[in-house]
Colleague: 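Attaching a single structure in structure tokens format; questions to follow.
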Amino acid sequence: MTTTTVIDWVAGDALALRIPVHAGALRDGGADFLTAAFQASGALAADQRVAGITRFEDCPGGSTGRKLLLSVAYEPDIPGLPTELFVKFSRDFDDAIRDRAKNQLEPEVRLARLSRRPGFPIAVPACLFADYHRKSGSGLLITQRIAFGSGGIEPLHDKCRDYDLPEPLAHYRALIKALARLAGTHQAGRLSADVASEFAFDAEQAIASDRIRYSEQQLLNRVARYAEFAERYPQLLPAQIRTPEFLSQLGCDIPRFLQQEQPIRRLLHSRPEFIALCHWNANIDNAWFWRGADGELECGLMDWGRVGQMSVALALFGALSAAEIGLWDAHLYELLTLFADEFHGCGGAALDVEALKTHLLLWVALMGLAWLLDAPALIQAQIADLSAIESRRDPRFGANETARVQLHMLSTVLHLWQTEDFSRLLDRVLAAP
């Protein structure tokens, strides 16, 4: 069995300050370390310090690294500087699977440092310290903790539960505008000059990421298992994605998409105007919402793992993948137009909305085939006796994020496959000059 060597402190690559790698080391470093760290980052002046830690609590959840909730006091008192803090480590020495994702914090650390510079175009949790040691994969991020449900901020919204969400369109308009504002500002060259090196775009690396992991036969086997799932639990799925006609068409389409995966990926990264700095996974649970002075809903974005330059259509899939199917059907073109307008208004290129939609739907197909065809097995492993459940809104799905997300996102992908006719979509793409 492979074991992970526990280390306690490393010197961060950006600030050269020794940083704790796990919660025990941070507890040992205490207020003295936090003072040095916040002074090094510029959050505290030389004559200011962290006087004490009044809360030090483990924060479970997430898929990478250990997390803590901290409360601190400053001396002297510093109005406006957050005292309720969120701590994220890249490492989790108690869980080898979570620890394998330690490199995901590196771009998040870079984004947090970038957000401290004047003129950053969107709201993110205020960063008090961020650094990373690439050689060991060890990093530390300390930010403001968002006060969900107080001070005018809405409670945290769980993803894939938009059936409980008031005004879903208003929430997605806020998300799309925030995505577009950052992407457009970046493309206009209005962020730091360091962005080009800090978030360099490598087209070949992007093309190679998140590939479909299965052979044609393995994919078709998964379609067969999905068909069995649909027959056994029809109450969990929209009617149009469980008909024999659709299942037959899906079986015909999948080998074609697999065969054309590489050309599709090259197409999706071939237009510079569609590449910009983006949040990779701006689901509704990675945001917080409040009303502006004009009463309009606004949002900030958090949890920036895998942030970087990418296809803006991929970022849109990340933001919309948890939305209700009805929102896709009724408001997709409206939201894409909103993105294009906000993007251009912030200095980005004038995007062709039809081309943007085509790119988005191609991403839906590729990401669905790469990540979602195992959903039936995962759902059945999570929830027993699915035949006793009346619908996807059953409290057992509400309480089980893995099952809920897998069911919803697979249903959305297959619904779009059927309603947008992905077979003809691929024909059009392959016929284009």
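No hydrogens, no waters, no symmetry mates; every other heavy atom, side chains included, goes into these values.
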Colleague: Are any side-chain N or O atoms of Q309 and backbone N or O atoms of F199, one a donor and one an acceptor, separated by less than 3.5 Å?
Modeller: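 Checking the backbone N and O of F199 against the side chain of Q309, a donor-acceptor pair under 3.5 Å is found.
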Colleague: Counting N and O atoms only, with roles assigned by atom type, does the side chain of K67 sit under 3.5 Å from a partner on the main chain of G65, one being a donor and the other an acceptor?
Modeller: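 Yes, K67 side chain to G65 backbone: donor-acceptor pair under 3.5 Å.
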Colleague: Return the minimal non-hydrogen interatomic distance between A349 and E273, and the atom names on each side.
Modeller: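 Heavy atoms only, the tightest pair is CB-CB, 3.5 Å.
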Colleague: side-chain hydrogen bond (donor to acceptor under 3.5 Å, both in side chains) with Q259: which residues, sequence neighbours excluded?
Modeller: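 Scan of Q259 (side-chain hydrogen bond (donor to acceptor under 3.5 Å, both in side chains), adjacent residues dropped) gives none.
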Colleague: Go through the structure and list residues passing side-chain hydrogen bond (donor to acceptor under 3.5 Å, both in side chains) with Q187, not counting sequence neighbours.
Modeller: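 Q187 satisfies side-chain hydrogen bond (donor to acceptor under 3.5 Å, both in side chains) with no other residue.
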Colleague: Using the ring-ring contact (aromatic ring centres under 6.0 Å, His included) definition, which of the options F339, F274, F317 pairs with H359?
Modeller: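 Output: one option passes, namely F274.
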Colleague: Please determine whether side chain to side chain contact (heavy atoms under 4.5 Å, CB included) holds for the pair R181 and L179, giving the CA-CA distance in whole Å, both sets of side-chain angles, and the decisive distance to 0.1 Å.
Modeller: CA-CA 6 Å; R181 197 173 300 129; L179 272 180; over 6 Å; no
Colleague: Do L372 and M367 touch side chain to side chain, with heavy atoms closer than 4.5 Å?
Modeller: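 When only atoms from C-beta onward are counted, M367 and L372 do not touch, as no gap falls below 4.5 Å.
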Colleague: Does NZ or CZ of R49 lie under 6.0 Å from the centre of the six-membered ring of Y74, at an angle within 45° of the ring axis?
Modeller: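 That pair does not qualify as a cation-pi contact.
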Colleague: Could you work out, with salt bridge (charged side-chain N to carboxylate O under 4.0 Å, His left out) as the rule, every residue matching D341, not counting sequence neighbours?
Modeller: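 For D341, no residue satisfies salt bridge (charged side-chain N to carboxylate O under 4.0 Å, His left out) once neighbours in sequence are set aside.
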Colleague: According to side-chain hydrogen bond (donor to acceptor under 3.5 Å, both in side chains), who are the partners of S90, at least two apart in sequence or on a separate chain?
Modeller: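 None.
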Colleague: Is any side-chain heavy atom of I53 closer than 4.5 Å to one of L70?
Modeller: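 The answer is yes; the side chains approach within 4.5 Å.
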Colleague: Return the set of residues passing salt bridge (charged side-chain N to carboxylate O under 4.0 Å, His left out) with R396 (not counting sequence neighbours), or none when no residue passes.
Modeller: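 Only D394 meet the salt bridge (charged side-chain N to carboxylate O under 4.0 Å, His left out) criterion with R396.
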Colleague: So, E108 and K88, do they make that salt bridge, N to O below 4.0 Å?
Modeller: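 Yes.
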Colleague: So how far is it from E401 CD to D158 CG, rounded to the nearest 0.5 Å?
Modeller: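 Result: 7.0 Å between the selected atoms.
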Colleague: Hey, does the side chain of R55 reach the backbone of S71 with a donor-acceptor pair shorter than 3.5 angstrom?
Modeller: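 No; zero donor-acceptor contacts below 3.5 Å.
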Colleague: Salt bridge or not for R113 and D194, using N-O below 4.0 Å?
Modeller: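 Answer for the salt bridge query: no.
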Colleague: Quick test of your reading of the model: are E106 and R306 salt-bridged, counting only N-O distances below 4.0 Å?
Modeller: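 Looking at E106 and R306, the cut-off is not met.
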Colleague: Indicate yes or no for a side-chain donor-acceptor contact from E154 to the backbone of W288 under 3.5 Å, with no hydrogens or angles considered.
Modeller: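 Side chain of E154 to backbone of W288: no pair is present.
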Colleague: Could E296 and R291 be called an ion pair, given the rule that one side-chain N must be under 4.0 Å from one carboxylate O?
Modeller: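 A salt bridge is absent here (no side-chain N lies under 4.0 Å from a carboxylate O).
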Colleague: I need the L26 CG to I142 CD1 distance, nearest 0.5 Å.
Modeller: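 Here the interatomic distance stands at 6.0 Å.
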Colleague: For the residue pair R211 / Q262, report whether a side-chain donor-acceptor contact shorter than 3.5 Å exists.
Modeller: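 Yes, a side-chain donor-acceptor pair sits under 3.5 Å.
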Colleague: Roughly how far, to the nearest 0.5 Å, is the CZ atom of F397 from the CZ atom of R161?
Modeller: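 With rounding to 0.5 Å, CZ (R161) is 12.5 Å from CZ (F397).
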Colleague: Could you give me the CA-CA distance, side-chain angles and deciding distance for L191 and T185, then say whether side chain to side chain contact (heavy atoms under 4.5 Å, CB included) is met?
Modeller: CA-CA 7 Å; L191 295 176; T185 302; 3.9 Å; yes
Colleague: Does the pair R392/E324 count as a salt bridge with the N-to-O cut at 4.0 Å?
Modeller: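 Result for this pair is yes, salt bridge flagged.
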Colleague: Heavy-atom distance under 4.5 Å between the side chains of W328 and V364, does that happen here?
Modeller: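 Of all side-chain heavy-atom pairs linking V364 with W328, at least one is under 4.5 Å.
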Colleague: What heavy-atom pair brings A37 and F129 nearest, and what distance separates the two atoms?
Modeller: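 Between these two residues, the closest heavy atoms are O-CD1, 3.3 Å.
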Colleague: Output, in order, the C-alpha distance, side-chain angles, deciding distance and verdict of side chain to side chain contact (heavy atoms under 4.5 Å, CB included) for H415 and T419.
Modeller: CA-CA 6 Å; H415 170 80; T419 56; 3.4 Å; yes
Colleague: For L165, does its backbone N or O pair with a side-chain atom of D162 as donor and acceptor, under 3.5 Å?
Modeller: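 The answer is no, because no donor-acceptor pair under 3.5 Å joins these two groups.
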Colleague: Which atom pair, heavy atoms only, marks the closest approach of Q144 to P82?
Modeller: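 That closest heavy-atom pairing would be CB-CG, 3.8 Å.
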Colleague: Are side-chain heavy atoms of L316 and I176 found at a separation under 4.5 Å?
Modeller: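 Side chain of L316 against side chain of I176, heavy atoms only: contact under 4.5 Å found.
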Colleague: N400: what forms a side-chain hydrogen bond (donor to acceptor under 3.5 Å, both in side chains) with it, not counting sequence neighbours?
Modeller: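 Result, side-chain hydrogen bond (donor to acceptor under 3.5 Å, both in side chains) vs N400: Q382.
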Colleague: Is there any salt bridge (charged side-chain N to carboxylate O under 4.0 Å, His left out) pair reaching into residues 353-374, and which pairs are they, with sequence neighbours excluded?
Modeller: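 Pairs touching residues 353-374 that pass the test: R222-D374, K357-E420.
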Colleague: Can you confirm whether the side chains of R117 and S192 place a donor and an acceptor under 3.5 Å from each other?
Modeller: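 The answer is yes; a qualifying pair exists.
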Colleague: Above 12 or not: heavy atoms from other molecules or residues under 6.0 Å from CD of E84?
Modeller: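 Atom CD in E84 is packed in, count exceeds 12.
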Colleague: Rounded to the nearest 0.5 Å, how far does CD1 of I97 lie from CG of D92?
Modeller: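 Nearest 0.5 Å value for the CG-CD1 distance: 10.5 Å.
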Colleague: Is a side-chain N or O of W304 found less than 3.5 angstrom from the main chain of L301, in a donor-acceptor match?
Modeller: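 Confirmed, W304 side chain pairs with L301 backbone.
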Colleague: With sequence neighbours left out, what residues match Y233 under ring pair (Phe, Tyr, Trp, His ring centres under 6.0 Å)?
Modeller: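 Partners of Y233 by the ring pair (Phe, Tyr, Trp, His ring centres under 6.0 Å) criterion, ordered by chain and then number, come out as F229.
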Colleague: Show me, pair by pair, the donor-acceptor contacts under 3.5 angstrom made by side chains of residues 9-19, not counting sequence neighbours?
Modeller:
from, atom 1, to, atom 2, distance (Å)
D13, OD2, R134, N, 2.8

Colleague: Report yes or no: does S138 contribute a side-chain atom to a donor-acceptor pair with the main-chain N or O of H133 at less than 3.5 Å?
Modeller: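 No; judged by distance alone, with no hydrogens or angles, the pair does not exist.
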Colleague: List the steps, then state whether side chain to side chain contact (heavy atoms under 4.5 Å, CB included) holds for L81 with L44.
Modeller: CA-CA 9 Å; L81 190 65; L44 289 180; 3.5 Å; yes
Colleague: Apply ring pair (Phe, Tyr, Trp, His ring centres under 6.0 Å) to F422 and list each qualifying residue two or more places apart in sequence or on a separate chain.
Modeller: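 Partners of F422 under the ring pair (Phe, Tyr, Trp, His ring centres under 6.0 Å) test: W417.
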Colleague: Is there a side-chain contact between L369 and L258 in this structure, where contact means two heavy atoms from C-beta onward sitting under 4.5 Å apart?
Modeller: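 With C-beta onward as the side chain, the pair stays apart.
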Colleague: Rounded at 0.5 Å granularity, tell me how far CZ in R91 sits from CG in D99.
Modeller: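 Going from the CZ atom of R91 to the CG atom of D99 covers 4.0 Å.
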Colleague: As an exercise, state the distance from CD1 of I241 to CD1 of I325, rounded to the nearest 0.5 Å.
Modeller: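 Rounded to the nearest 0.5 Å, the CD1-CD1 separation comes out at 6.5 Å.
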Colleague: Using ring centroids (six-membered ring only for Trp), state whether F289 and H171 fall under 6.0 Å.
Modeller: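 Ring centres of F289 and H171 closer than 6.0 Å.
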Colleague: Okay, side chain of D352, backbone of A355: is any donor-acceptor separation there less than 3.5 Å?
Modeller: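 Yes: the side chain of D352 pairs with the backbone of A355.
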Colleague: Taking all atoms of both residues into account, what is the closest heavy-atom pair of S115 and C127, and its distance?
Modeller: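 Heavy atoms only, the tightest pair is OG-CB, 4.3 Å.
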Colleague: Has the side chain of N283 got a donor or acceptor atom that lies under 3.5 Å from a matching backbone atom of D285?
Modeller: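 Flag not set: sc N283 to bb D285 has no pair under 3.5 Å.
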Colleague: Can a donor-acceptor pair be found, under 3.5 Å and without considering hydrogens, that links the side chain of H22 to the backbone of A25?
Modeller: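 A pair under 3.5 Å: yes.
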Colleague: Using the ring pair (Phe, Tyr, Trp, His ring centres under 6.0 Å) criterion, which residues pair with H186? Sequence neighbours excluded.
Modeller: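 Scan of H186 (ring pair (Phe, Tyr, Trp, His ring centres under 6.0 Å), adjacent residues dropped) gives none.
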Colleague: Does a side-chain heavy-atom distance below 4.5 Å link L335 with R173?
Modeller: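 They are in contact (side-chain heavy atoms under 4.5 Å apart), so the answer is yes.
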Colleague: Considering residues, nucleotides and ligands other than H344, do more than 12 of their heavy atoms fall under 6.0 Å from its NE2?
Modeller: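 Not buried by this count: 12 neighbours or fewer within 6.0 Å.
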Colleague: By ring pair (Phe, Tyr, Trp, His ring centres under 6.0 Å), which residues pair with H269, not counting sequence neighbours?
Modeller: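 So H269 forms a ring pair (Phe, Tyr, Trp, His ring centres under 6.0 Å) with W363.
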Colleague: With a 4.5 Å cut-off on side-chain heavy atoms, are F89 and V87 touching?
Modeller: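 Yes, their side chains come closer than 4.5 Å.
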